[in-house]
Amino acid sequence: MDPVEGEPLENAYQSYFVPEVERKVAVGEKFSHTVVNTDKQPKSIVPMRFISKLDLATKLSCLVVAASLVVAIGATTASALDTSDYRQNTYGAPNHYCDPTRALNNSGAGTLVSPWNMSQCSALPVAGDVVGILPGVSVDLPTTNSVRIPAFNPAHSGTPISRIVFVTKYPAVNLASVETNPNRTEFRHDGGAPGIVGGVGVGNGCPMLGSYGQNYVTFDGFFVDMAEAFLREDSGVLRVENTIGVHFRNFVVKGARLTIASNPVIYRPNNSRDTVLSNFKAYDFVNDPTGSATPQGALFSDQYGDQNVLIEHFEIRNISRGIFFKGTANSATVFNYGTVQYGIVSNSSACLQFNDLDFTQVTTVAYNLCYDINEVAAIFISSETSPARNLLVHHNTVARINSASINTSGGIYSRANGFAGNVTIRDNLVDINNGVFGHGADFGEISTLPAVMNYNGYTKNGANVTWSFNGVQSNSLSAWRTATNRDLNSQVLSGTIFVDRTNGNFRIAAGHVAKTASSSGGELGAYAGPRLPGVDVSVDAAPAAPTNFRAGL
């Protein structure tokens, strides 16, 4: 079985004021995102016509504030979806176009009247290009028959301030019945279905899109049906390897029932830095590992040397495992770290799972909702290869955890190597179904504890909550505190905690003690943050991007 470990996050907010515009933006996040996350044009910077009329001191003051806004906005993605055609309010109008339905032997000029075919589309764009991809179902791109190289793989890199942007006319995440919606832009390739022979994987599939060695590329708004773009063992559908600053935004991946021997996964990075996955859905991926020497259920991600990754505003459902920071890259020299925030994972056996975290950089997991966890655990910390370290897990809600299976560990689970230094677990809400199995926290297989574990809320829907540490079960919160000296300000919650638990509304009910039980005096769980978990398809009311701007400039 492969590794497992834990993860967290924290955002402070500060108001910046630019004439006639006040907005809150995230500060204190990792600096490298302020450098590479430059898709987004700052939308509240004073127009240059206005600045030109100001005196020099005022100009300089405004420019300093504007620069602060650029840095701050770069630190986090905008919370509202830009629904303008080709997201031109974000990137500016495209300067090239591609037609996914155009035959690959029929070249175009890259104009709206004569768009490129999809081979040209990947081969010709260079830094600063914004490439609009028309609606339509792509002709089959040739499979690369490679684990590493996607069928749609850009030939060139962008730069930190002048990215290459591939953007569909309509964002898939905002389309109703996207699988059949005529406005979708769907990517396909001609690789065959995966299989298992002699315990190992076979097939000539490949990743659908991503980047092998090319940097600062954005893919925005695409749709992939995995039954029309077969992956192979360990390839992933979205692949980044040896890259910096690749972004996937506003996309949808529909799963399929497949037979894959090992690492059946949608997002598969290897030795990549500053990758962003934002505002997306992935669902209905099932793997049948019959005959595999290393059988595994389907995963959204398994990540190797994924550095400073940002995964946010997502919905992952009906996939055995959700997000998994799994292993190292480059002969165990490159470890994982990043931020996972504002996501929803449902109907899985493990929601958020972590291993091989970086020795110095902190991984943050916050404001996520995990519900209908069928087995194992919602937040699964540490596994075979290395202890959990440099991890902040806060303000997550895990709900309706199965208590009928002996394989269920519970809300927060660590095994094998346990904890090293700098691990904090606080302000989370753990809800387990009334039943025999499942602990609030299960550290029964280890003899180490997180440095900080406090201000959490636990409930078993009317049944007695239990905890486990170092082979001993605690049948009360007071016994757990005595055994561990942890959770000293945590609570066992009673009453009607959620607005509507039965129908999946996991906001805390008005007047419940969990509204004021966090370390800051605010509420516990996923809905305490400044943004809501899940995809954001609200309308972006920002003005159009300046016509003389190119993406990233």
Side-chain angles (χ1 to χ4, degrees), residues 4-8 349-354 365 368 370-371 373-383 387-388 391-420 423-495 497 513-514 517-519 524-526:
V4 184
E5 188 164 47
E7 170 147 304
S349 62
C351 173
L352 304 173
Q353 190 170 357
F354 303 96
V365 181
N368 299 294
C370 301
Y371 69 96
I373 309 304
N374 301 316
E375 288 186 326
V376 191
I379 299 174
F380 195 165
I381 302 172
S382 178
S383 188
L391 178 63
L392 170 61
V393 180
H394 76 93
H395 286 103
N396 300 284
T397 296
V398 298
R400 295 198 314 215
I401 298 173
N402 175 29
S403 61
S405 171
I406 195 172
N407 296 317
T408 299
S409 293
I412 303 168
Y413 173 47
S414 180
R415 70 178 188 193
N417 287 286
F419 297 95
V423 176
T424 295
I425 302 171
R426 61 168 174 80
D427 300 321
N428 303 289
L429 197 160
V430 174
D431 166 70
I432 306 170
N433 289 343
N434 187 327
V436 175
F437 302 103
H439 299 294
D442 184 357
F443 306 148
E445 301 169 42
I446 59 175
S447 58
T448 53
L449 289 164
V452 177
M453 186 170 184
N454 206 0
Y455 292 97
N456 299 297
Y458 302 96
T459 179
K460 207 168 185 184
N461 199 27
N464 184 54
V465 183
T466 59
W467 295 260
S468 181
F469 170 55
N470 199 20
V472 178
Q473 178 171 305
S474 296
N475 294 322
S476 68
L477 184 55
S478 61
W480 171 245
R481 289 169 174 164
T482 299
T484 63
N485 199 34
R486 302 296 189 272
D487 275 328
L488 300 182
N489 300 100
S490 298
Q491 301 184 43
V492 173
L493 304 172
S494 59
I497 301 169
V513 66
S518 78
S519 57
L524 301 176

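Bear in mind the structure is a predicted one, so any value in this text is a computation, not a measurement. Just so you know, residue 1 is the first one in the sequence shown, and it goes up from there.
At distances below 3.5 Å, at least one donor-acceptor pair connects side-chain atoms of Ser414 with backbone N or O atoms of Ile381. Using modelled atom types, one side-chain atom of Arg486 and one backbone atom of Pro450 make a donor-acceptor pair closer than 3.5 Å. No donor-acceptor pair under 3.5 Å is formed between the side chain of Lys460 and the backbone N or O of Thr466. With hydrogens and angles ignored, the 3.5 Å screen pairs no side-chain donor or acceptor of Asp431 with any backbone N or O of Val398. Between the Asp427 side chain and the Ser519 main chain, a donor and an acceptor come within less than 3.5 Å of each other. Although no hydrogens or angles enter the test, the distance criterion places no donor-acceptor pair under 3.5 Å between the side chain of Asn456 and the main chain of Ser490. Although no hydrogens or angles enter the test, the distance criterion places a donor-acceptor pair under 3.5 Å between the side chain of Asn402 and the main chain of Asn374. Here the side chain of Asn489 pairs no donor or acceptor atom with the backbone of Asn454 at under 3.5 angstrom. In this structure, Thr397 contributes its side chain and Leu429 its backbone to no donor-acceptor pair below 3.5 Å.
Nearest heavy-atom pair across Val465 and Tyr458 is CG1-CB, 4.0 Å. Of all heavy-atom pairs spanning Ile446 and Thr448, the tightest one is CD1-O, 3.4 Å. Closest heavy-atom contact between Ile432 and Phe437: CG2-O, 4.2 Å. Across every non-hydrogen atom of Ile373 and Cys351, the tightest pair is CD1-CB, 4.0 Å. Shown here for Trp480 and Ser468, the closest heavy-atom pair between the two residues is CZ3-O, 3.7 Å. For Trp467 against Asp487, the heavy-atom pair with the smallest separation is NE1-OD2, 4.4 Å.
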**Asked** Please walk me through it: do Asn464 and Asn475 pass side-chain hydrogen bond (donor to acceptor under 3.5 Å, both in side chains)?
**Response** CA-CA 7 Å; Asn464 184 54; Asn475 294 322; 4.8 Å; no

**Message:** Under the criterion side-chain hydrogen bond (donor to acceptor under 3.5 Å, both in side chains), I'd like the reasoning laid out for Asn470 against Ser447: C-alpha separation, chi angles, the key distance, then a yes or no.
**Reply:** CA-CA 5 Å; Asn470 199 20; Ser447 58; 4.7 Å; no

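The CD1 atom of Ile412 lies 5.0 Å from the CD1 atom of Ile425; values are rounded to the nearest 0.5 Å. Rounded to the nearest 0.5 Å, atoms CZ (Phe380) and SG (Cys370) are 13.5 Å apart. Here Gln473 contributes atom CD and Asp442 contributes atom CG; the two are 9.0 Å apart, rounded to the nearest 0.5 Å.
For the residue pair Asn368/Asn396, the side-chain donor-acceptor check at 3.5 Å is satisfied. If you check the side chains of Asn433 and Asn461, you find no donor sitting under 3.5 Å from an acceptor. Side-chain contact annotation: Asn417 with Ser382, donor-acceptor N/O pair under 3.5 Å absent.
Two residues are said to be in side-chain contact when any heavy atoms from C-beta on lie closer than 4.5 Å; His439 and Tyr413 fail this criterion.
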